[in-house]
S.K.: 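Have a look at the structure that comes next, please.
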Amino acid sequence: LISAAIISWSSVKEFDKIALFGFFLLPFILRVDKQQIGSYRYVILATIFAVLFLAFGQSYWALACGISMVFATIELRVGRLNEMALYALLFYLAITRSFFMLFGFYIRLEITKWAAKLISVFHSAVNFEGTQIFHNGEQFSVDAGCMGLRLVITGFLLTLLILNQTSLSYKIKLKPRVVSLFLSLSFLLIIVANFFRIVFLILFQSAEGTISHELIGVAALIVFHLIPIVFLIRSVLKRNWVVFEPKFGPAIKPSLAAN
């Protein structure tokens with residue numbers, strides 16, 4: 001554990017507020033099954049990430065190595081971690097960050113185009129170029145923060161948190177494909193949230209750095225991502241894809257969940 005802290009320090013000291021928020025969500029996402037024996041999977045991952053860090057020097061490989069070492073200690077000393085632990089780890093990999101930064105650019109282009117078209121219904125003097133929208137002489141840029149890595153990771157980690165807490169509440173365990181399904185839905189909702197965020201920022205002419213700019217962003221995330229994903233997770237898990245674990249009697253095992 002001491003080695004994990006030392007290895008991860010080079011990355012942790014570069015965290016921004018969003019990354020720190022996601023990092024401190026981890027204890028609420030993880031779940032340990034003390035009745036199952038853990039494997040050496042995180043030991044292997046920690047070794048691979050350590051080699052990648054030494055080879056490329058990227059701090060996020062060091063963080064992935066440190067987290068893997070902590071996960072390995074838990075699995076070998078306490079019990080098997082839930083599948084959400086691996087998903088949470090993936091979001092801190094350098095390759096994951098690069099993928100979302102590249103993919104997010106093309107999404108920003110589409111968001112800009114469709115936001116401009118919607119606003120033009122109410123205000124004709126609207127045009128766009130690339131990721132910039134021009135309205136009443138004002139320029140609004142759909143920058144990387146609007147559909148970038150930080151917001152995607154925040155949305156995904158919140159989804160994992162809600163999944164974990166809901167599964168605890170319903171006493172169920174989920175298959176990885178069910179977790180993947182909800183993360184895919186989360187990504188679509190993030191796109192929708194960002195679309196309406198840009199629309200309202202332009203309609204209310206809310207400049208970057210103002211309180212209204214931040215409030216509109218938070219409101220969009222809550223209304224178009226957080227509330228729908230909570231509703232979908234609770235509704236679907238309660239009705240179908242569950243494994244009930246009663247204190248007495250056999251478990252009920254529908255098709256899309258597993259022990």
Side-chain angles (χ1 to χ4, degrees), residues 16-31 82-85 87-88 90-91 100 103-104 107-108 110-112 114-115 117-119 121-122 140 142-204 206 208 210-242 256-257:
D16 55 18
K17 293 180 181 179
I18 297 295
L20 282 172
F21 171 71
F23 186 76
F24 286 112
L25 279 181
L26 287 178
F28 303 98
I29 293 174
L30 304 182
R31 181 178 174 185
N82 58 358
E83 299 299 333
M84 297 180 200
Y87 284 95
L90 289 176
F91 297 144
F100 281 120
F103 191 55
I107 295 179
R108 295 201 311 273
E110 291 299 316
I111 287 178
T112 304
W114 289 104
K117 288 184 177 181
L118 179 60
I119 297 171
V121 175
F122 307 97
F140 296 87
V142 185
D143 58 12
C146 296
M147 189 55 221
L149 179 72
R150 293 183 301 168
L151 187 56
V152 172
I153 288 182
T154 301
F156 280 178
L157 290 178
L158 285 174
T159 300
L160 290 177
L161 174 65
I162 297 166
L163 275 171
N164 186 52
Q165 296 304 313
T166 305
S167 64
L168 285 174
S169 176
Y170 292 159
K171 298 181 179 179
I172 63 178
K173 295 180 182 179
L174 303 175
K175 280 186 175 180
R177 59 177 173 174
V178 178
V179 179
S180 298
L181 172 62
F182 282 112
L183 289 178
S184 300
L185 291 173
S186 174
F187 185 68
L188 293 176
L189 290 173
I190 289 172
I191 295 176
V192 173
N194 276 282
F195 171 77
F196 284 104
R197 173 178 178 267
I198 296 302
V199 170
F200 287 119
L201 285 176
I202 295 174
L203 289 178
F204 291 102
S206 181
E208 184 177 357
T210 62
I211 296 178
S212 61
H213 186 96
E214 300 300 327
L215 290 177
I216 289 174
V218 172
L221 184 64
I222 293 174
V223 173
F224 297 104
H225 177 270
L226 194 57
I227 294 177
I229 203 67
V230 169
F231 174 78
L232 288 171
I233 288 175
R234 294 184 65 88
S235 299
V236 173
L237 296 188
K238 186 175 182 180
R239 295 178 182 179
N240 296 304
W241 305 340
V242 300
L256 291 181

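Just so you know, these numbers use all the heavy atoms, side chains as well, and skip hydrogens, waters and symmetry mates.
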S.K.: Drop me the distance from Ile211's CD1 to Ile216's CD1, to the nearest 0.5 angstrom.
M.R.: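 Reported value, rounded in 0.5 Å steps: 12.0 Å.
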S.K.: Kindly say whether Ile29 contributes a backbone atom to a donor-acceptor pair with the side chain of Asn82 at under 3.5 angstrom?
M.R.: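 Side chain of Asn82 to backbone of Ile29: a pair is present.
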S.K.: Can you list the steps and then say if Leu163 with Leu237 is a side chain to side chain contact (heavy atoms under 4.5 Å, CB included)?
M.R.: CA-CA 9 Å; Leu163 275 171; Leu237 296 188; 4.2 Å; yes
S.K.: For Thr166 and Ile172: C-alpha separation, side-chain torsions, deciding distance, then whether side chain to side chain contact (heavy atoms under 4.5 Å, CB included) applies.
M.R.: CA-CA 8 Å; Thr166 305; Ile172 63 178; 5.7 Å; no
S.K.: Is it the case that the side chain of Gln165 and the backbone of Phe28 share a donor-acceptor pair, with hydrogens and angles ignored and the cut-off at 3.5 Å?
M.R.: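 Yes, because the side chain of Gln165 sits within donor-acceptor range (under 3.5 Å) of the backbone of Phe28.
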S.K.: Minimum heavy-atom separation for Leu30 and Asn164, please, with both atom names.
M.R.: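 That closest heavy-atom pairing would be O-ND2, 3.8 Å.
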S.K.: Return the CD1 to CG distance between Ile190 and Leu221, rounded to the nearest 0.5 Å.
M.R.: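 Here the rounded value is 7.5 Å.
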S.K.: Does Leu185 form a side chain to side chain contact (heavy atoms under 4.5 Å, CB included) with Ile233? I'd like the steps, not just the answer.
M.R.: CA-CA 10 Å; Leu185 291 173; Ile233 288 175; over 6 Å; no
S.K.: Going from CD1 on Ile227 to CD1 on Ile229, what distance comes out if it is rounded to the nearest 0.5 angstrom?
M.R.: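 Those atoms lie 12.5 Å apart.
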S.K.: Once side chain to side chain contact (heavy atoms under 4.5 Å, CB included) is applied, do any residues pair with Leu118, and if so which ones, sequence neighbours excluded?
M.R.: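 Expected list: Phe122, Phe195, Val199.
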S.K.: Mind checking the CG-OG spacing from Leu174 to Ser180? Nearest 0.5 Å is all I need.
M.R.: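 The CG atom of Leu174 sits 11.0 Å away from the OG atom of Ser180.
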S.K.: What heavy-atom pair brings Arg197 and Ala220 nearest, and what distance separates the two atoms?
M.R.: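 Nearest pair, atom of Arg197 first, then Ala220: CB-CB, 3.8 Å.
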S.K.: Please report the closest heavy-atom contact between Pro176 and Glu83, naming both atoms and the distance.
M.R.: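 Closest approach of Pro176 to Glu83: CG-CG, 3.9 Å.
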S.K.: Applying ring pair (Phe, Tyr, Trp, His ring centres under 6.0 Å), name anything that partners Phe196, two or more places apart in sequence or on another chain.
M.R.: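 Once residues adjacent in sequence are excluded, the partners of Phe196 under the ring pair (Phe, Tyr, Trp, His ring centres under 6.0 Å) criterion are Phe224.
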S.K.: Any pair with a residue in residues 184-193 that passes side-chain hydrogen bond (donor to acceptor under 3.5 Å, both in side chains), sequence neighbours left out, goes on the list, sorted by first then second residue, please.
M.R.: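 For residues 184-193, and leaving out neighbouring residues, the side-chain hydrogen bond (donor to acceptor under 3.5 Å, both in side chains) pairs sorted by first residue read Thr159-Ser186, Ser186-His225.
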S.K.: Out of curiosity, Leu160 CG to Tyr87 OH, how far, rounded to the nearest 0.5 Å?
M.R.: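 Rounded to the nearest 0.5 Å, the CG-OH separation comes to 9.0 Å.
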